[in-house]
2 protein chains.
Amino acid sequence: MTRSQIDWALWRTFLAVADCGSLSAAARHLGLSQPTVGRHIEQLETSIRRRLFLRSQQGYLPTEEAAALMTEAKDMAFVAESLERRASASTNDASGIVRLAASHVVGTEILPWLFGPFMEAHPGLEVELALGNSNADLFRHEADVAVRMVRPTQDNLLARRIGTAFAGLYARTEYLDRHGRPKMLADLSGHRLIGPDRDAASIGFLEGLDPALSRRSLRLRCDSEAAQLTALRAGLGIGICQRGIAARDASLEAVLPQSFRFPMECWLVTHDDLRHVRRIRLLFDHLASTLPEWL
Amino acid sequence: MTRSQIDWALWRTFLAVADCGSLSAAARHLGLSQPTVGRHIEQLETSIRRRLFLRSQQGYLPTEEAAALMTEAKDMAFVAESLERRASASTNDASGIVRLAASHVVGTEILPWLFGPFMEAHPGLEVELALGNSNADLFRHEADVAVRMVRPTQDNLLARRIGTAFAGLYARTEYLDRHGRPKMLADLSGHRLIGPDRDAASIGFLEGLDPALSRRSLRLRCDSEAAQLTALRAGLGIGICQRGIAARDASLEAVLPQSFRFPMECWLVTHDDLRHVRRIRLLFDHLASTLPEWL
DNA sequence: TATCCATTAAACAATATTGAATGACCCGCT
DNA sequence: AGCGGGTCATTCAATATTGTTTAATGGATA
């Protein structure tokens with residue numbers, strides 16, 4: 001069943017020391033004393049017969065071996081946190097914490113607008129937003145519900161198709177007034193284009209749309225879509241934006257809307273076994289009903 | 001960083017009690033005494049202000065709330081185990097435990113044959129086989145390396161395409177002697193077909209190949225592919241089998257090999273950050289070089 | 001160079017955790 | 001009905017863990 005011999009608590013202080021960089025800092029963070037934290041590390045090191053930190057008067061420096069364990073230790077922390085969160089609220093109460101994962105853009109541009117009436121209706125509920133682009137978050141227990149733009153493949157996930165978001169090219173009206181409005185795709189080459197930097201997925205996606213849209217053809221490159229959006233709004237050039245978001249911004253104007261438009265399926269995802277947890281169900285259903293009109 | 005307040009060790013005994021069904025059994029299993037296990041549960045329950053077990057003289061029965069936490073608690077155990085395993089062996093030693101995930105069929109029919117020379121060459125290495133059909137195992141830290149028949153979608157995974165395995169219809173020669181050899185697809189309907197039971201993915205897949213292959217057309221249904229294979233070998237009927245496996249079994253004979261043959265990409269997958277861990281790399285490379293000829 | 005602020009390490013006392021032992025209970029079996 | 005095997009709860013002493021305090025060390029700063 002459980003074959004592990006090492007006290008799980010030791011991993012927790014291991015993580016804290018590695019993150020904080022010193023016994024003392026970790027101790028403050030964990031609410032323990034510096035000697036105990038030191039003893040925990042000692043204990044862990046003798047258990048695994050391996051040195052995890054280089055000691056110095058300036059703090060504890062993780063060895064390579066310790067660094068290799070960090071991702072897993074973090075996972076452990078995620079699970080613990082999630083476990084605690086789920087345990088602290090009843091299954092069928094409309095109270096507790098719900099953690100929602102989404103991309104930066106969706107999380108900043110759309111979601112906040114949807115929470116007003118929801119939080120009004122359920123005063124006991126707390127919502128946490130975990131923004132990022134990884135789809136791993138549901139698996140790593142970083143969130144209870146996720147808004148995703150790709151169809152989830154994993155089983156043991158409950159997914160509902162919310163609708164289709166369309167993305168297109170947009171630019172600030174002032175920019176277009178000054179630099180002209182492209183009439184055809186070829187006109188784009190003369191423009192300041194905004195797009196991804198080194199994110200392989202996005203670049204590949206862009207080139208798939210039109211081979212002319214290589215990475216080098218972009219004048220402003222940034223992997224943060226939120227920053228790209230702000231750049232658009234600042235009038236720096238032409239870039240990709242979701243139609244729904246652009247539509248709600250009077251300063252933005254569509255560019256070549258008929259020749260450049262691609263759909264993105266939008267999915268709402270949660271863990272299978274959380275289906276019947278009241279607070280999660282509430283958020284899930286609320287998003288399912290309100291999100292579509294924002295796409 | 002770590003917002004959890006609850007001692008991680010408590011979750012460990014929580015899991016043990018829920019799994020074992022009683023304080024005493026859990027205590028034996030954990031190497032603790034029955035009173036401490038009881039105190040742990042008490043402590044956990046007061047921490048989360050929720051009752052996790054129904055007490056009785058016959059043992060501790062998990063409440064619904066506790067049941068809802070089980071998957072996560074198990075995940076925690078997986079991570080802890082994996083952490084311990086990875087920590088106990090040096091990054092650049094050819095020693096320690098490597099855990100390999102694969103389907104039941106691959107794990108029973110192919111992999112054992114590949115380990116001989118490998119374990120000979122690396123006496124310090126221990127190999128664990130985690131057989132199952134879920135692709136979640138890498139994520140849930142159940143394994144270090146996985147053999148998968150679908151292209152892995154997650155990022156932060158290192159995947160190498162091993163080759164293409166072909167699957168086709170096969171039956172035992174005796175069966176075909178007695179019941180005749182189908183000459184065309186339509187002939188199949190008169191035969192005893194062996195296939196999946198309720199596994200939605202497999203059923204959908206089968207129907208996609210040929211609409212005639214509905215679930216009802218199957219005479220022996222079982223979700224275990226290994227059992228299907230044994231049924232084939234027992235001469236119970238016609239079923240799907242990987243070409244490589246069937247080729248090594250003289251009693252099996254291909255059925256309609258030209259009209260029914262579908263490819264499955266075979267992938268070797270590991271975590272990104274484990275690329276440089278010696279023992280994992282060794283297994284990965286060994287499989288990459290020996291597996292293709294067995295497909 | 002002297003001082004201050006951070007760190008780790010060591011020693012000892014306070015505290016919390018644990019285990020052993022016990023009694024009470026329930027179930028199934030003979 | 002009585003017995004054996006399993007369970008849980010309680011008590012108290014043994015033990016292990018923790019915190020406090022101290023001293024020593026290194027780096028930054030004036």
Side-chain angles (χ1 to χ4, degrees), chain A residues 1-2 4-67 70 76 80 84, chain B residues 1-2 4-67 70 76 80 84:
Chain A
M1 225 173 310
T2 306
S4 67
Q5 297 303 317
I6 295 173
D7 186 346
W8 291 5
L10 297 185
W11 292 117
R12 185 162 170 236
T13 91
F14 161 76
L15 182 60
V17 173
D19 271 341
C20 299
S22 78
L23 297 184
S24 318
R28 282 191 296 273
H29 182 251
L30 292 172
L32 298 174
S33 71
Q34 169 254 325
T36 39
V37 172
R39 286 184 283 243
H40 279 180
I41 299 300
E42 268 182 55
Q43 203 178 326
L44 192 54
E45 286 184 331
T46 60
S47 286
I48 66 175
R49 273 178 266 279
R50 213 158 297 284
R51 191 125 284 224
L52 290 170
F53 295 94
L54 297 175
R55 278 88 165 146
S56 83
Q57 233 73 14
Q58 293 80 266
Y60 269 39
L61 185 72
T63 63
E64 262 189 44
E65 316 245 331
M70 285 299 291
M76 192 119 184
E84 193 161 331
Chain B
M1 224 173 310
T2 305
S4 67
Q5 297 302 318
I6 296 173
D7 186 348
W8 291 6
L10 297 185
W11 291 118
R12 185 162 171 236
T13 91
F14 161 76
L15 181 61
V17 173
D19 271 342
C20 300
S22 78
L23 296 185
S24 320
R28 282 192 296 273
H29 182 251
L30 292 171
L32 298 174
S33 72
Q34 169 254 325
T36 40
V37 172
R39 284 185 283 245
H40 279 180
I41 298 300
E42 268 182 54
Q43 202 178 326
L44 192 53
E45 287 185 330
T46 61
S47 286
I48 66 175
R49 273 179 266 280
R50 212 158 297 284
R51 192 124 281 226
L52 289 170
F53 295 94
L54 296 175
R55 276 87 167 148
S56 85
Q57 233 72 13
Q58 293 81 264
Y60 269 38
L61 184 71
T63 63
E64 263 189 44
E65 317 246 330
M70 285 299 291
M76 191 118 185
E84 192 161 333

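So that the names make sense, note that chain A is the first sequence line, chain B the second, and so on, each numbered from 1.
- Contact annotation: B/T36 side-chain N/O to C/dT18 OP1/OP2 distance is not under 4.0 Å.
- A/E45 places a side-chain N or O within donor-acceptor distance of the main-chain N or O of A/F53, the cut-off being under 3.5 Å.
- Within the structure, every side-chain polar atom (N or O) of B/R28 is placed at least 4.0 Å from both OP1 and OP2 of D/dG6.
- Put simply, the side chain of A/R50 does not reach to within 4.5 Å of the side chain of A/T63, judged on heavy atoms.
- Put simply, the side chain of A/T13 never gets that close to the backbone of A/A26: no donor and acceptor are under 3.5 Å apart.
- Residue side chain A/Q34 reaches the base of C/dA9 through a donor-acceptor N/O pair under 3.5 Å, judged by distance alone.
- In this structure, B/F53 atom CZ and D/dT7 atom C1' are separated by 15 Å, rounded to whole Å.
- Nearest-nucleotide positions on DNA chain C place B/Q43 closer to the 5' end than the other of B/P35 and B/Q43.
- For B/G21 and B/R39, each mapped to the nucleotide of DNA chain D holding its nearest heavy atom, the one lying further toward the 5' end belongs to B/G21.
- What separates CD of B/Q57 from P of D/dT10 is a distance of 12 Å, to the nearest Å.
- Looking only at distances, a side-chain donor or acceptor of B/R12 sits under 3.5 Å from a matching main-chain atom of A/S4.
- Remark: P of D/dG6 and OH of B/Y60 are 19 Å apart, rounded to the nearest angstrom.
- Counting only distance, with no hydrogens or angles, the side chain of B/S22 and the backbone of B/Y60 share no donor-acceptor pair below 3.5 Å.
- As a whole-Å value, the separation of B/E42 CD from D/dT10 P is 8 Å.
- As rounded to whole Å, 15 Å separates atom C1' of D/dG19 from atom CG of A/L30.
- Using a 4.0 Å heavy-atom distance criterion, A/S22 is classed as a sugar-phosphate-only contact.
- Taking atom CD1 of residue A/I41 and atom P of nucleotide C/dT8, one finds them 11 Å apart after rounding to whole Å.
- Here C/dA9 presents its C1' atom at 15 Å from CD of A/Q58, a figure rounded to the nearest Å.
- For the OP1/OP2 pair of C/dT8 and a distance below 4.0 Å, the side-chain nitrogens and oxygens of A/S24 include at least one atom meeting the criterion.
- The side chain of B/H40 places no N or O atom within less than 4.0 Å of a non-bridging phosphate oxygen (OP1 or OP2) of C/dT17.
- Atom C1' of nucleotide D/dA24 and atom CZ of A/R55 are separated by 17 Å, given to the nearest angstrom.
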